[in-house]
Structures are given as C-alpha cells and as structure tokens.
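Since the structure comes first, as structure tokens, the remarks are kept for the end.
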Amino acid sequence: MARNITPRKENYSQWYLDVIKAAELADYAPVRGCMVIRPTGYSIWENIQAKLDSEFKKTGHVNAYFPVLIPASFFQKEAEHVEGFAPELAMVTHAGGEELEEPFAVRPTSETIIGHMYSKWIQSWRDLPVLINQWCNVMRWEKRPRLFLRTSEFLWQEGHTAHETEKEAREETLKMLEVYRKVLEEELAIPVLSGEKTAGERFPGAVDTYTCEAMMSDTRALQSATSHFLGQNFAKAFEIQFQNREGELSYCWTTSWGLSTRSVGALIMTHSDDDGLIIPPRIAPVKAVILPISKDESIAENEILPKAKELSAKLDDELGGMFTKVDTDFHARPGDRFFAHLQKGVPLRLELGEKDLAAGTVRIVRRDTGEKIDVKNEAVITTVKKLLDDIQSNLYARAKNFRDENTRDASSYEELKEIIENKGGFVRAYFGGTPEDEVRIREETGATPRVVLPGGNNGKCIITGNDGARLTVFAKAY
RNA sequence: CGGGGCGUAGCGCAGUCUGGUUAGCGCACCUGCUUUGGGAGCAGGGGGUCGGAAGUUCGAAUCUUCUCGCCCCGACCA
C-alpha cells in the first residue's frame, strides 16, 4: 500500500492531488490557479494530442495558429458570448510602458478572432468549407482552480469550421463529437455518454452544444469534450458572409469543438487507485518498464542489463516505437523501484533477475490487477502485446461497469432528489424544463443536467409534467 | 466573494499560548559499509534565519499592526 497517497475513501480531493504529486504529473506554479505540467504529465498530453490530431487530419482539418491577444471589443459583438465570458477574462491594459487605448483580452477561446479572420478570407461558396483547428493555451480566470480539471491557464485544441449550409455544419458538429467519443473510449479507455447539452448548459453563443460526459470514480460527472453548432450567430456578429450558388450574399454556418488538458484529469480520476496512477497502455508514455534485479550491483549491470536492453529493443521494435524503459537504478532496492513505477502508472513491469535468467523466464506484473506471471523468454513478446491489450480493455470495462452500477432511473423529481442525495452517481430522468428549472434543480439537489441521451424523446417531464420530454442524465459535476 | 485551515530545510511537522544560549524531529538527499524478488539497517554528513514589511523589547520563529500567498469547504463557472 502506498504510504504517501491518501486513500480514496478517506478524502477524494486529497487522493487526487496525492496521485498527481506521486506520479510527478504537475506542480503548482507561483501564480494562483496556474500549474506546471511536468514531463510525465506532458507526455500523456502529447499522446492524447497525437491521437486526436491524426483523427482531425483524417477528417480533413488543417492546423493553424491565431494570436493569444484579442481586442476586448470583439467580445462585445456577440451578446451571449460577452455575458458568458466577461467574468473570466484576463485583460492586458498596459504594454510598452504605456496604457493601451483599447485593452486586449487574453484568449479564453477564439471564436471572435477567428470569426474576424474568416470574414476576410471567405468570399464565395467556393471557399467553403473552412476546416481549421488550433492547438494552444487559453486563459479563464477561475475562482476555484484544481490541477488539470480547472486551471486559469490550460492547453487544448479548438476546431473552428465554416460551412455553406446548416445541414453541413450540423453534420460537422456531430462528426467531431464522434471523434472525441472514439478517442476518449478507445485510447483513454474512458467510457462516455455523448449527446446534447440542455439550454442552461449551452456554450455562450451556441445554438446547440454537445458533450462527452464521463463518470469519475467518486461518481461525479466530468465534461471531457464539447462540440458546438453555432448556427449563424458568430457569422452575423463578425459578418462572415459569402456569395452562394444563386449569387446571393448569405451568412456562413459555423461550428467549434474542443478538448483540453482536463482530459488528463479525467484519465487520472477514471482509472487510478490507492497505489497511485494507472494509465491505459495506448496513452502511457512508457508501456513497460524492465528492471534488472540482483543482490550484486555488478551482476545487475554487467550480466543482466545487456539482456534487459536486448529485450527492450526487441519490444520497442515489435510495439512500433520507443515504448519500454530499462530501469538502471541498481543501487535502490527492488521494493523502492517497484513502487516508483507503480505510482507512475506504468502498465507492465518486467522483472529480470538471476532466477529468471537461470530459468529462461521473465516475471511480468500487471499494474491494473497486480497479477504476476513468469513467462518463458520465447513467449515474452507475444505475452506483453496481449497483456497490454488486456489491460486496455480491462480498464475500459472496469470503468464502464462502475458507471453502469452507479446509474439509476428516476420517474419523479422526488426520486431524483432522493437518489442524488443518498446514492450519487448518474440519474436518468425525463426532462423538458427551462434553464430556470435547471437552476432550481441545481439549488435544491446540487445536480445539473449533464447530457441529453440520443433517442427516447417521449417521456413525461419530472418537473413540468409535460409530454415530449427528453431522457436526460443528471449528476453532480466537476 | 463567504467560512475554515496554514505559511519554520526538498516534503511533512514540533517549537509560538508563558519572548532568552549555536532553531529541533521524521522522511528525502550526500558518503561509506552491510543489504537487495513488494517501501532495509548502521555510522557519518550537507541543507533553514522561521512567507514579507513595520513596530514593541536589552533580546522576536514566539508579542502588535499591516501585507502577500497557499490548501480545503461553499457560492460562482462551458
């Protein structure tokens, strides 16, 4: 049992912070609300980036970069947008030793400046669609920051597209939502519910907002990605117009979609345990660590290390990348070395000692289950590949079972309240109310509508009693 | 923004109430020896001026005032 990590049941927040610290994922920066993403944490983000970026490219998008400073007046142009973001904006008021005539906002998101540029670039239906993504940092002044989940500055990607027709823009919105679902579920092994947000949870300025909603291991919900259909709201605010096939001037239909370093927080809170971090193999910076072990440091270094390196090279070759690491910290005792890798969440540990050399085997230990097996040399590579696949699917299955076990149905508001208060988790209920009803539910229960499930639109609303309400998942959220 | 807690070595803390010799302890770190398949033992050693400022005093980590920052809970929040 880890002795530097608070058990989950004792204090979930502290457990989360302890896991991050023990795995050396991030540290607090000198500025409140800001964090330093340390190399291990950043490698995880790089792997998420790589998977997403390749999906974006496959779906026809290109990367570009827009500036971090945005004229403050841009935020005034879209009424809901300015109202939504005003409290979180950081402003630059001085530069070059002088007060600026017009302050600049440090971007909290880039709809405005991209809209501004699109209006210059788009003239004709032949210029459409425009499918651009950017990887960048954004800043939103947060009152209560939490590492990875809510920091004043964070990293993300934001896709911004402009289309000729509403249908095309709506298709794009859902296509990207599906990309997120796929990467979250297949690569991060995080099961998500993807669907629409209710009116009260909508992005400021969007017509429709969609989400990939995940359940953390304390049963609270975490929005892990969003995709917005912006209609013509930003096109009208920024005059993104084009001449259509009939020769008339019309406004574009735009979308935006994003996934941030918050997903690293989701990863941590979905899979990790009281011993520390657990990373799904497909995202893990190091998939397997090989430890030469001997009482005698010189035997470890001169006799076992070469074998370990050989095995490492063979595995990297087979796995198609530099995915294994040889632990050369011979001076440290095995227990210390085991725990170090345990806390960092490395999926597989391969122990190579004198006993193994004599027997022609390697001892392999899984991070997710702790299971140990001795494998014949000739079977090591196939076993490692199989185990990595097993761990990946086990983590997903484990998280999905947990979510399903903590998802319940409520047929009345009273029942919803009762479940949220006594059991927590996700509660499915038919809801067709207004944003005011959402506020009331939040104030009375602490829960908010997280996602409207696709399909079933024929229920009776638990608040209004009206028919035609949609099946909605409620939960307390991060 | 409200409530609570806290700033003393890299980390965790004691000392503060009842000012007084070179400010302690555990872990970590360095050196050596013995150890080594789930968090070793012994010996030696390095490192802090007590968040910051002003004040009271012969004397301040300790008392007073101001200030900066961090964490937790809540409110708020894409």
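Computed from heavy atoms alone, side chains included, the values below leave out hydrogens, waters and symmetry copies. Sequence lines set the chain letters: A, B, ... in the order given, protein chains first and strands last, and positions in each chain run from 1.
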Sugar-phosphate, base or nothing in reach of A/Lys355, heavy atoms under 4.0 Å: base
- request: State whether the distance check finds a donor on one side and an acceptor on the other, under 3.5 Å, for side chain A/Lys372 versus base B/rG38.
  value: yes
- prompt: What is the pairing partner of B/rC29, taking Watson-Crick or G-U wobble pairs with both distances under 3.5 Å in any strand?
  reply: B/rG45
field: Residue matched to B/rU57 through Watson-Crick or wobble contacts both under 3.5 angstrom
entry: none
message: Suppose you measure atom P in B/rG59 against the same atom in B/rG19; what distance do you get, rounded to whole Å?
response: 16 Å
- prompt: Taking the inter-plane angle between the rings of A/Phe203 and A/His228 on a 0 to 90° scale, is it parallel (under 30°), tilted (30 to 60°) or perpendicular (over 60°)?
  reply: parallel
query: Is A/Thr209 touching bases, backbone alone, or none of the nucleic acid, heavy atoms closer than 4.0 Å?
result: nothing
Assigned partner base of B/rA14, Watson-Crick or wobble definition, under 3.5 Å: none
- request: Could you please spell out the steps behind the ring-ring contact (aromatic ring centres under 6.0 Å, His included) verdict for A/Phe148 and A/Tyr16?
  value: CA-CA 11 Å; A/Phe148 288 111; A/Tyr16 175 74; 7.5 Å; no
- prompt: Does B/rU22 have a Watson-Crick or wobble partner in any strand here, with both distances under 3.5 angstrom, and which is it?
  reply: none
- prompt: Across the strands shown, which category fits A/Arg337 at heavy-atom distances under 4.0 angstrom: base, sugar-phosphate, nothing?
  reply: nothing
- prompt: Base, sugar-phosphate, or nothing for A/Leu342, non-hydrogen atoms under 4.0 angstrom?
  reply: base
- prompt: Of the candidate nucleotides B/rC77, B/rG37, B/rC73, which contains the atom at the shortest distance from the side chain of A/Pro334?
  reply: B/rG37
- prompt: Quick one: CG on A/Asp208 to CG on A/Leu174, what's the gap to the nearest 0.5 Å?
  reply: 9.0 Å
- prompt: Between A/Phe339 and B/rG39, do the rings stack, that is, sit under 5.5 Å apart with planes less than 30° off each other?
  reply: yes
- prompt: Do A/Asp356 and B/rG37 share a donor-acceptor pair, side chain to base, under 3.5 Å?
  reply: yes
task: Check every strand shown and say whether A/Arg442 touches a base, only sugar-phosphate, or nothing at a heavy-atom separation below 4.0 Å.
output: sugar-phosphate
query: Taking the side chain of A/His331 as its heavy atoms from C-beta onward, which of B/rG39, B/rA75, B/rU35 lies nearest to it?
result: B/rU35
- request: For the pair A/His81 and A/Phe75, name the ring-plane relationship: parallel under 30°, tilted 30 to 60°, perpendicular over 60°.
  value: parallel
Paired nucleotide for B/rC70 [Watson-Crick or G-U wobble; both distances under 3.5 Å]: B/rG5
task: Tell whether A/Arg150 reaches the base of B/rC77 with its side chain through a donor-acceptor pair below 3.5 angstrom.
output: yes
field: Closest to the A/Leu17 side chain, choosing from B/rU36, B/rG38, B/rC72
entry: B/rC72
Nucleotide of B/rG37, B/rC76, B/rG38 approaching A/Glu351 most closely (side-chain heavy atoms): B/rG37
- prompt: A/Asp296 CG to B/rG37 C1': how many Å, rounded?
  reply: 15 Å
task: Grab the two heavy atoms, one from A/Glu438 and one from A/Pro449, that are nearest each other, plus how far apart they are.
output: OE1-CG, 3.4 Å
Working for ring-ring contact (aromatic ring centres under 6.0 Å, His included), residues A/Trp45 and A/Phe154: CA-CA 11 Å; A/Trp45 176 238; A/Phe154 59 89; 9.6 Å; no
- prompt: The side chain of A/Arg144 lies closest to which of these nucleotides: B/rG37, B/rG74, B/rC11?
  reply: B/rG74
- prompt: On a whole-Å scale, what distance lies between the P atoms belonging to B/rU57 and B/rC73?
  reply: 45 Å
message: Applying a 4.0 Å non-hydrogen cut-off, can you work out what A/Gln14 is touching in the nucleic acid: base, sugar-phosphate, or nothing?
response: nothing
